[in-house]
There are 2 protein chains.
Amino acid sequence: MTLILSNEDVENLLSMPDCIDALETAYLDLAEGRGVSRQRTDCITPTTWHEDAVYGLKSMDGVVPALGVGAIRINSDIITNPLVGNSRRRVKVPAAPNERYVGLVLLFSTHNGEPLAIFPDGVLQHIRVGATNGLGVKYMAREDATSIGILGSGWQAETQLTAACAVRKIETIRCFSPNQDNREAFCTRMSDVLGIDVRPVAQPEEAIAGADIVMCASNSIDPIFFKQWIEPGMHLSSIKKPEIEPTAIRAADKIAVHTHDTDPILVVAKNAKFRESSKQAGWNDAAKLDFKSFPTLPDLIAHRVTGRDAPEQVTCFLNNLGLGYQFAAAGSVIYRRAKERSVGHELPTDWFTETVHP
Amino acid sequence: MTLILSNEDVENLLSMPDCIDALETAYLDLAEGRGVSRQRTDCITPTTWHEDAVYGLKSMDGVVPALGVGAIRINSDIITNPLVGNSRRRVKVPAAPNERYVGLVLLFSTHNGEPLAIFPDGVLQHIRVGATNGLGVKYMAREDATSIGILGSGWQAETQLTAACAVRKIETIRCFSPNQDNREAFCTRMSDVLGIDVRPVAQPEEAIAGADIVMCASNSIDPIFFKQWIEPGMHLSSIKKPEIEPTAIRAADKIAVHTHDTDPILVVAKNAKFRESSKQAGWNDAAKLDFKSFPTLPDLIAHRVTGRDAPEQVTCFLNNLGLGYQFAAAGSVIYRRAKERSVGHELPTDWFTETVHP
């Protein structure tokens with residue numbers, strides 16, 4: 001049977017420690033050249049949804065033989081570019097029936113090729129970003145780190161904290177985000193979820209001063225962390241290119257990135273009104289850094305490089321780009337747990353296989 | 001609702017003339033830069049199926065705004081490389097439960113992103129190859145062509161003939177393939193399907209002599225059509241690179257290829273026992289041709305070049321590589337007909353969409 005799972009299923013089935021473990025196994029395979037990851041591609045055309053919007057068919061895939069799976073992640077998006085303040089944001093519109101987004105993961109077996117499961121990408125998308133930065137913390141932050149300062153209170157911030165708490169004995173968390181209501185609600189909720197005091201603060205400096213681990217978890221397209229805030233022994237963590245200003249990155253003693261994959265391969269129709277986010281201000285600054293000159297998370301996990309050599313060193317992990325490979329690794333856990341717990345809609349595998357030679 | 005269709009459904013829903021029409025519309029969009037096509041990628045790793053086999057996760061996609069659809073085609077294959085005679089063949093093993101292959105097409109709407117349908121790729125794979133070479137015949141063969149000589153009697157040969165008969169008033173067909181039983185059974189069946197006399201012959205020269213259209217529809221990795229067989233006014237048609245020897249291709253007055261896309265992008269695990277088919281003998285000869293120097297089928301359809309200027313010219317169409325784009329174009333017809341005729345399993349679209357931002 002092929003399983004159809006929901007985001008709710010994924011949330012119930014995939015714990016953060018399980019996801020971190022699966023990614024760690026998978027990254028070791030990737031470092032050794034046994035696992036393979038295919039760079040993301042985006043096909044962009046006009047859409048009848050709106051003359052200023054575009055349609056995007058995005059895909060990325062990867063195969064993790066150590067976990068017996070391959071996966072492809074597909075997004076079918078209606079994308080707009082509204083002006084927010086002085087900058088253009090890229091906004092996905094939930095245009096599918098019932099105002100929904102379209103993102104799917106298809107999981108296959110490397111043992112016999114069969115389609116194991118189909119599930120939406122939304123919840124996993126967040127968990128895998130958290131787990132990746134969690135591995136950054138595991139391999140680079142001080143062993144005795146107990147405090148986090150986090151910038152951001154959205155959905156990314158939640159999984160960032162959950163992941164950091166899975167790899168270090170965290171005792172205090174301070175959170176800054178620009179909107180007071182948002183950060184207070186976030187802190188109340190996360191104190192409950194983590195069983196740790198998560199305190200809202202009114203300035204970013206208050207969150208960061210004295211923190212062992214600084215986590216940027218924003219949707220900003222401009223830098224939100226600056227060099228003058230760095231303290232000895234800090235670990236800096238970012239979920240996207242522009243968050244930490246380049247001079248702050250360069251000031252770190254140890255720097256690692258998620259991947260050496262470059263930006264997605266774009267195939268854009270001539271008449272599509274498409275703006276690349278990499279052409280925006282914060283991304284231009286980030287682009288001056290040569291990401292390929294830094295070791296990757298798989299390099300750290302394979303012990304080709306050390307993440308930290310001394311307690312006073314400043315370390316910095318940049319989660320520069322996502323990989324389809326992550327969806328395969330985490331997907332293997334989701335599938336195993338779903339079978340153990342009999343979760344999901346079971347459809348005949350014959351519906352997704354064939355006798356005709358393809 | 002999202003439709004789950006079978007190969008049998010696809011066969012019943014998609015007529016060859018409909019497929020040819022949809023591809024013609026789509027190629028015009030592609031020529032004008034309004035449609036986009038993403039090059040195929042193959043991820044290759046070892047598999048526990050057999051130590052000499054590999055696992056392959058292959059994908060290709062494309063978006064045809066003129067038809068309101070995007071599609072991704074995915075293959076999840078167990079691949080072996082048995083020695084057949086003196087050469088290695090690449091053979092897909094039906095390793096999934098019930099001895100089945102795994103190839104899927106996911107069809108999405110460019111209007112709102114929604115997943116419209118999921119269906120196997122096997123039947124469409126054959127029809128779209130036929131339809132593509134059929135368009136080659138339409139734009140390059142003599143208007144008054146009435147006879148076909150075909151080399152091959154497998155599944156590709158069937159759709160090649162159906163397509164040619166959809167665009168020219170064909171009266172006689174002669175077929176050669178090495179196995180007498182196969183070619184006789186094929187001719188009996190195709191005479192019935194097409195309502196035309198399809199005659200088996202014992203030598204390739206007998207099939208070709210005097211034919212207005214020569215169709216190569218083999219699984220050979222070596223040339224099967226040679227320069228000395230060319231006659232004035234002939235149209236030569238091939239479904240893969242090595243079939244027509246390069247000197248015969250060069251002897252044609254007009255040459256066109258399907259696409260300027262190069263070979264698939266390979267991402268291969270270090271420890272995978274993988275042999276590229278492009279490294280094999282026939283492919284090496286074909287590789288000496290600069291496929292990018294020839295106009296493409298979309299160029300012909302957009303009337304950027306002519307396919308034939310005089311009845312005595314020799315024309316040659318090479319279907320050098322498939323495109324995910326074809327699956328989108330043909331998929332739009334399959335989906336429309338399925339809705340008209342209430343065919344397929346309807347699943348809630350909510351199963352394949354989400355409220356969580358991806």
Side-chain angles (χ1 to χ4, degrees), chain A residues 4 7 33-38 41 43-49 55 57 59 61-63 65 70 72 74-78 92 95-98 100-104 106 108 110-115 118 120-123 125 267-271 345 349-358, chain B residues 4 7 33-38 41 43-49 55 57 59 61-63 65 70 72 74-78 92 95-98 100-104 106 108 110-115 118 120-123 125 267-271 345 349-358:
Chain A
I4 310 288
N7 270 323
R34 295 186 299 258
V36 296
S37 183
R38 193 265 293 177
T41 51
C43 285
I44 307 287
T45 70
T47 169
T48 55
W49 179 260
Y55 172 72
L57 183 60
S59 68
D61 46 65
V63 183
I72 183 159
I74 305 163
N75 290 272
S76 171
D77 299 324
I78 304 297
K92 289 186 185 185
N98 302 324
R100 292 165 77 93
Y101 301 100
V102 184
L104 287 171
L106 278 71
F108 299 95
T110 61
H111 304 304
N112 64 359
E114 75 173 304
I118 302 176
D121 69 339
V123 164
Q125 145 79 350
V267 192
V268 184
K270 272 187 193 165
N271 55 339
H345 299 284
T349 298
D350 283 3
W351 286 16
F352 304 101
T353 58
E354 58 191 337
T355 54
V356 178
H357 188 291
Chain B
I4 310 288
N7 270 324
R34 295 187 299 259
V36 296
S37 183
R38 192 265 292 177
T41 52
C43 286
I44 307 286
T45 70
T47 169
T48 55
W49 180 260
Y55 173 72
L57 183 61
S59 69
D61 47 64
V63 184
I72 183 160
I74 305 163
N75 290 274
S76 173
D77 299 324
I78 304 296
K92 290 186 184 184
N98 301 324
R100 292 164 76 93
Y101 301 99
V102 185
L104 288 170
L106 278 71
F108 299 95
T110 62
H111 304 304
N112 64 359
E114 75 172 304
I118 301 176
D121 69 339
V123 165
Q125 145 79 350
V267 192
V268 183
K270 272 186 194 169
N271 55 339
H345 299 284
T349 298
D350 283 5
W351 286 15
F352 304 101
T353 59
E354 59 190 336
T355 55
V356 178
H357 189 291

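Every chain is numbered from 1, with letters handed out A, B, ... down the list of sequences.
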For A/Trp49, all residues meeting ring-ring contact (aromatic ring centres under 6.0 Å, His included), sequence neighbours excluded: none

Option passing side chain to side chain donor-acceptor pair (under 3.5 Å) with B/Arg100 (candidates A/Thr353, A/Asn112, A/Thr355, A/Thr349): A/Thr353

Top contributor to chain A contacts, counting heavy-atom pairs under 4.5 Å, from B/Val102, B/Ile74, B/Thr110: B/Thr110

Residue among A/Lys270, A/His345, A/Glu114 with most heavy-atom pairs under 4.5 Å to chain B: A/His345

Contact class of A/Thr47 relative to chain B, heavy atoms under 4.5 angstrom: both

Rounded distance [0.5 Å steps], OG1 in B/Thr41 versus CZ in A/Arg38: 3.5 Å

Approximate separation, where rounding is to 0.5 Å, of A/Asp77 CG and B/Phe108 CZ: 10.0 Å

Under 4.5 Å from any heavy atom of chain A - which part of B/Pro97: both

Heavy-atom closest contact (B/Ile78 atom, A/His111 atom, distance): CD1-O, 3.8 Å

Where B/Tyr101 and A/Val356 come nearest, the two heavy atoms and their spacing: CD1-O, 3.5 Å

Partners meeting side chain to side chain donor-acceptor pair (under 3.5 Å) with B/Gln125 (sequence neighbours left out): B/Arg73, B/Arg128

For chain B, the option from A/Gly33, A/Cys43, A/Pro358, A/Gly103 that forms the most heavy-atom pairs under 4.5 Å: A/Pro358

Best-contacting candidate, B/Pro46, B/Ser59, B/Gly70, against chain A by heavy atom pairs under 4.5 angstrom: B/Ser59

Close side-chain approach of B/Asn98 to A/Asp350, heavy-atom, < 4.5 Å: yes

B/Asn7, part contacting chain A, at a heavy-atom distance under 4.5 Å: side chain

A/Glu354 side-chain N/O to B/Gly122 backbone N/O, donor-acceptor pair under 3.5 Å: yes

B/Leu106, part contacting chain A, at a heavy-atom distance under 4.5 Å: side chain

From B/Ile72 atom CD1 to A/Leu104 atom CG, the distance as rounded to the nearest 0.5 Å: 10.5 Å

Rounded distance (nearest 0.5 Å) linking atom CD1 of A/Ile4 with atom CD1 of B/Ile4: 6.5 Å

Atom of B/Thr45, atom of A/Pro65 and distance for their closest heavy-atom approach: CB-CG, 3.5 Å

Heavy-atom pairs under 4.5 Å with chain A, option from B/Ala269, B/Pro115, B/Pro120, B/Gly113 with the top count: B/Gly113

